[in-house]
Undergrad: 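Right, I'll just put the structure down here and ask away after.
FYI, the numbering just counts along the sequence from 1. The analysis underlying the following values was restricted to heavy atoms, covering all of them including side chains, and did not include hydrogens, waters or symmetry mates. As the structure is a prediction and not an experimental result, all values here were calculated from the model.
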Amino acid sequence: MRQALRNVTVIIPAHNRPERLRRLLGYYEGCGVRILVPDSSQKAYDGDLMSPDVTYIHRPGLHFLLKIKEVLPLIATDYVLYCADDDFIVPEAIARMVEFLDANPDYSVAQGHYLTFTPTDGGVEFYPRYIRYFDSRIDADDPAGRLVQDKCKYASLLYGVTRSDLFRRIYGYCFDGRGELRFRNLFLAEEFFNHAMLIQGKYATIPCFYSARERIKGSATETVVPISEIRSSEEYRWEYDGYIEALSMMLSDASGVEMHEAERLMRKVCAAPKDSAKVSLKRRVVMFLMRHRSLRRASDIADRRYNRKGLKAVRGMESYPCEFSTPEKETIIRFIKEYS
């Protein structure tokens with residue numbers, strides 16, 4: 001495992017959560033991965049950065065995509081992935097993704113199954129996450145086919161393990177000829193990664209415990225302008241058009257279709273709903289409840305109901321160790337408690 005991890009870079013795009021960054025650096029210490037920390041926090045991180053495997057760059061207030069542009073030349077491994085500073089992506093699972101990608105060169109990205117965790121007075125509670133897509137694969141042979149297939153089996157790919165050459169390639173399209181960003185919205189940045197990686201290759205979900213994500217209310221989900229508004233508002237037209245242009249150029253280059261045809265397809269794909277009408281309605285209700293403090297109690301009730309349903313759906317599955325112990329889960333618990 002360690003040999004595989006020496007060929008992996010983990011990018012931690014830190015921002016104003018030094019206690020989470022300290023916890024995550026402790027978690028990865030000694031496992032073998034290379035770590036890049038582009039930190040846009042107002043105050044520089046004051047923890048231990050003596051490990052030769054960690055490269056830290058402090059750029060106060062720098063936009064996410066500009067941080068990534070700055071660290072692209074520093075990726076010296078064949079594989080790379082993002083890990084948010086409040087997540088734990090399991091080293092053993094990373095090694096398993098590398099093994100899969102080594103054996104399947106037509107795949108651009110792979111990931112496993114996710115848990116959500118919440119520290120409590122009595123310990124740490126774990127719940128399954130993204131269970132609608134736990135067996136998702138997007139494996140059409142051509143880029144256009146994969147983009148269409150994605151709309152039927154949507155799963156965010158942002159934190160999957162991917163090939164470094166593809167990672168560097170896709171972000172070149174985010175900038176125009178003057179080096180200016182074509183778009184800035186963080187939701188668009190995530191969607192860009194999803195579409196771009198499917199233009200470059202196939203995607204697989206491997207049935208193993210991959211990541212534990214901390215549930216923190218008040219995150220970007222509640223504070224960033226949603227894509228629906230970006231897509232429909234004249235105020236953000238330049239940004240959405242820039243986003244479409246970046247993807248269209250990439251699709252044209254990858255598949256050989258004319259630019260106007262690539263743009264037509266990208267606009268159609270990006271305008272299509274990710275989920276069924278029923279699921280989309282549930283998402284809108286959840287977002288509404290989260291954004292109104294007076295309705296937080298209703299939001300909490302909805303969370304508990306969702307969690308109970310999820311636990312029932314994945315009971316006994318080794319890749320969702322919510323209600324039983326595994327070494328990987330116990331290691332995460334130890335770091336949560338140690339750094340709380």
Undergrad: Using 0.5 Å steps for rounding, measure from the CZ atom of R96 to the CD1 atom of I206.
TA: 7.0 Å
Undergrad: Is the backbone of D86 close enough, under 3.5 Å, to the side chain of R213 for a donor and an acceptor to pair up by distance?
TA: no
Undergrad: Determine the minimum heavy-atom distance between P143 and L251, stating which atoms define it.
TA: CB-CD1, 3.7 Å
Undergrad: Taking everything shown except E19 itself, do over 12 heavy atoms lie less than 6.0 Å from its CD?
TA: yes
Undergrad: Check for a donor-acceptor pair, side chain of S252 on one end and backbone N or O of S248 on the other, with a separation under 3.5 Å.
TA: no
Undergrad: Determine yes or no for a side-chain-to-main-chain donor-acceptor pair under 3.5 angstrom, with T162 supplying the side chain and S108 the backbone.
TA: yes
Undergrad: What is the ring orientation for H113 with Y320, classed by angle as parallel under 30°, tilted 30 to 60°, or perpendicular over 60°?
TA: parallel
Undergrad: State whether R178 and D176 are salt-bridged, where the test is any N-O pair (Lys NZ or Arg NE/NH1/NH2 against Asp/Glu carboxylate O) under 4.0 Å.
TA: yes
Undergrad: What I want to find out is whether E70 reaches K67 closely enough, with some N-O distance under 4.0 Å, to be called a salt bridge.
TA: no
Undergrad: What I'd like to find out is whether the side chain of V10 reaches to under 4.5 Å of the side chain of L24, using heavy atoms alone.
TA: no
Undergrad: Compute whether any side-chain donor of one residue and acceptor of the other, for Y243 and N185, lie under 3.5 angstrom apart.
TA: no
Undergrad: Within a strict 4.5 Å, meaning less than it, do heavy atoms of the I336 and F88 side chains meet?
TA: yes
Undergrad: Does K329 make a cation-pi contact with F209, if we ask for NZ or CZ under 6.0 Å from the ring centre and within 45° of the axis?
TA: no
Undergrad: Report yes if some heavy atom in the side chain of Y173 is under 4.5 Å from a heavy atom in the side chain of L247; otherwise report no.
TA: no
Undergrad: Nearest 0.5 angstrom please: L115 CG to Y130 OH, how far?
TA: 11.0 Å
Undergrad: Has D85 got a side-chain atom pairing as donor or acceptor with A14's backbone, closer than 3.5 angstrom?
TA: no
Undergrad: Does the pair E214/R23 count as a salt bridge with the N-to-O cut at 4.0 Å?
TA: yes
Undergrad: Does Y159 reach the side chain of S211, with side-chain heavy atoms less than 4.5 Å apart?
TA: no
Undergrad: With a 4.5 Å heavy-atom cut-off, do E328 and P91 have their side chains touching?
TA: no
Undergrad: Quick one, V33 with D53, criterion side-chain contact (heavy atoms from CB on, under 4.5 Å). Give me CA distance, side-chain angles, the key distance, then yes/no.
TA: CA-CA 7 Å; V33 296; D53 291 332; over 6 Å; no
Undergrad: Please examine the side chains of Y56 and L25, heavy atoms only from C-beta on, and report whether any two atoms are closer than 4.5 Å.
TA: no
Undergrad: Measure from the ring center of F100 to the ring center of Y107 and say whether it is less than 6.0 Å.
TA: yes
Undergrad: Would D87 and R20 count as a salt bridge (Lys or Arg N to Asp or Glu O under 4.0 Å) here? Give the steps.
TA: CA-CA 9 Å; D87 291 0; R20 299 302 199 283; over 6 Å; no
Undergrad: Could you tell me the separation between the NZ atom of K202 and the CG atom of D142, rounded to the nearest 0.5 Å?
TA: 10.0 Å
Undergrad: Ignoring hydrogens and angles, tell me if any N or O in the side chain of R34 forms a donor-acceptor pair with the backbone of V8 under 3.5 Å.
TA: no
Undergrad: Just checking, is any N or O donor in the side chain of S325 or E330 under 3.5 Å from an acceptor N or O on the other one?
TA: yes
Undergrad: Output, in order, the C-alpha distance, side-chain angles, deciding distance and verdict of side-chain contact (heavy atoms from CB on, under 4.5 Å) for L166 and V109.
TA: CA-CA 10 Å; L166 301 182; V109 61; over 6 Å; no
Undergrad: Give, for atom OH of Y79 and atom CZ of F167, the distance between the pair rounded to the nearest 0.5 Å.
TA: 15.0 Å
Undergrad: Quick check: closest heavy atoms across A95 and L5, and the distance to 0.1 Å?
TA: N-CD2, 3.9 Å
Undergrad: For residues Y27 and Y45: do they belong to one hydrophobic cluster (side chain heavy atoms under 4.5 Å, members Ile, Leu, Val, Met, Phe, Trp, Tyr)?
TA: yes
Undergrad: Measure the NE2-CG distance between H195 and L188 for me, rounded to the nearest 0.5 Å.
TA: 9.5 Å
Undergrad: Taking all non-hydrogen atoms of both residues into account, name the closest pair between G145 and A140 and its distance.
TA: C-CB, 3.6 Å
Undergrad: To the nearest 0.5 Å, how far apart are CZ in R182 and CZ in F175?
TA: 10.0 Å
Undergrad: Is the closest side-chain donor-acceptor distance between E29 and S51 under 3.5 Å?
TA: no
Undergrad: Would Y127 and Y133 show up in the same hydrophobic cluster when neighbours are defined by side-chain heavy atoms closer than 4.5 Å?
TA: no
Undergrad: Answer yes when R267 and E263 have at least one side-chain N-carboxylate O distance shorter than 4.0 Å, and no when they do not.
TA: yes
Undergrad: Do L74 and L49 share a hydrophobic cluster (ILVMFWY, side-chain heavy atoms under 4.5 Å, transitive)?
TA: yes
Undergrad: Please answer whether the main-chain N or O of T118 pairs with a side-chain N or O of R215 as donor and acceptor at a distance below 3.5 Å.
TA: no
Undergrad: Could you tell me whether E338 atom CD has more than 12 heavy atoms of other residues or ligands within 6.0 Å of it?
TA: yes
Undergrad: I138, V269: one ILVMFWY side-chain cluster at the under-4.5 Å cut-off?
TA: yes
Undergrad: Verify, without hydrogens or angle tests, whether H58 (side chain) and S41 (backbone) share a donor-acceptor contact under 3.5 angstrom.
TA: yes
Undergrad: Show, in sequence, the C-alpha distance, side-chain angles and deciding distance for M197 and Y203, and conclude whether the side-chain contact (heavy atoms from CB on, under 4.5 Å) test is met.
TA: CA-CA 8 Å; M197 278 300 157; Y203 160 72; over 6 Å; no
Undergrad: Check whether S164 reaches the backbone of T77 with its side chain - one donor and one acceptor, N or O, closer than 3.5 Å.
TA: yes
Undergrad: When you measure from the side chain of T9 to the backbone of I75, do you find a donor-acceptor pair of N or O atoms at a distance under 3.5 Å?
TA: no
Undergrad: Tell me, with the steps shown, if Y82 and I68 meet side-chain contact (heavy atoms from CB on, under 4.5 Å).
TA: CA-CA 10 Å; Y82 289 118; I68 301 311; 3.4 Å; yes
Undergrad: Answer yes or no: is there a side-chain heavy-atom contact under 4.5 Å between V71 and T55?
TA: no
Undergrad: Determine, using the 4.5 Å side-chain heavy-atom cutoff (strictly less than), whether M259 and M266 are members of one ILVMFWY cluster.
TA: yes
Undergrad: Decide if the gap between the ring center of Y114 and the ring center of Y210 is smaller than 6.0 angstrom.
TA: yes
Undergrad: Short question: side chain of Q111, backbone of S156 - any donor-acceptor pair under 3.5 Å?
TA: yes
Undergrad: Heavy-atom distance under 4.5 Å between the side chains of D46 and R22, does that happen here?
TA: yes
